[in-house]
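For clarity, every value in this text was computed on a predicted model and none was experimentally measured. Every chain is numbered from 1, with letters handed out A, B, ... down the list of sequences.
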Amino acid sequence: AQSVAQPEDQVNVAEGNPLTVKCTYSVSGNPYLFWYVQYPNRGLQFLLKYITGDNLVKGSYGFEAEFNKSQTSFHLKKPSALVSDSALYFCAATDGRRGSTLGRLYFGRGTQLTVWP
Amino acid sequence: GAGVSQSPSNKVTEKGKDVELRCDPISGHTALYWYRQSLGQGLEFLIYFQGNSAPDKSGLPSDRFSAERTGGSVSTLTIQRTQQEDSAVYLCASRLKGLAGRTDTQYFGPGTRLTVL
């Protein structure tokens with residue numbers, strides 16, 4: 001079964017400190033990996049994605065993520081957190097196999113990031 | 001440009017009633033997805049539309065759920081004889097390309113919050 005895991009329900013960091021939100025995946029084929037952010041009462045906003053190539057992917061609002069195939073991980077990072085980064089973060093993956101539902105996303109359970117001043 | 005829009009933003013209904021949720025995808029996007037976000041289940045895939053092809057309904061939880069997409073654009077998700085466990089946020093997403101677009105980003109609407117009393 002395809003799955004994405006976010007082992008931490010909550011991450012708390014002080015403003016200005018680096019942050020990491022963890023994600024691991026178990027998806028067949030060559031997965032495509034995504035990070036989305038959700039603010040209260042809003043839909044999901046796309047942050048970044050890994051398709052192929054460079055393992056370090058840069059995205060919106062200063063976020064980046066590192067793809068590690070051997071550890072099947074795709075952790076989200078930011079060098080210096082802002083209070084405005086506080087939100088719910090979702091990691092997602094697509095099934096890389098041919099014939100699977102095209103582009104269907106498998107989501108982690110989400111990680112609530114809180115950045116305090 | 002305009003993003004994915006959904007209506008209504010909130011819907012409160014009584015158990016046993018039917019509801020219709022609407023999604024307007026980004027203009028020109030050929031792929032459309034419905035997902036459900038609930039406290040107990042996280043984000044679940046429901047159904048996928050691609051152009052004029054038959055939809056992939058593999059994620060629909062029961063035969064009370066159905067969806068259609070008219071003219072390759074607007075989609076309606078219908079839930080018949082609603083149950084309390086149907087209470088959730090229903091999210092719609094669209095993606096630009098079709099069969100060759102597995103790697104394209106899905107863009108999400110703000111969601112419809114459904115409450116079944």
A/R109 bridged to A/D9 by N-O distance under 4.0 Å: no
Check: A/L48 and A/F63 side chains under 4.5 Å, non-hydrogen atoms: yes
Under 4.5 Å from any heavy atom of chain A - which part of B/I47: neither
Side chain / backbone / both / neither for B/Q37 at chain A, heavy atoms under 4.5 Å: side chain
A/K49/B/T105 under side-chain hydrogen bond (donor to acceptor under 3.5 Å, both in side chains): CA gap, chis, key distance, verdict: CA-CA 8 Å; A/K49 66 182 178 183; B/T105 300; 3.2 Å; yes
Salt-bridge contact A/E64-A/K77 (side-chain N to carboxylate O under 4.0 Å): no
Region of B/L43 that comes under 4.5 Å of a non-hydrogen atom in chain A: both
Option that, when pairs with chain B are counted at under 4.5 Å, heavy atom only, ranks first among A/Q45, A/R42, A/Q38: A/Q38
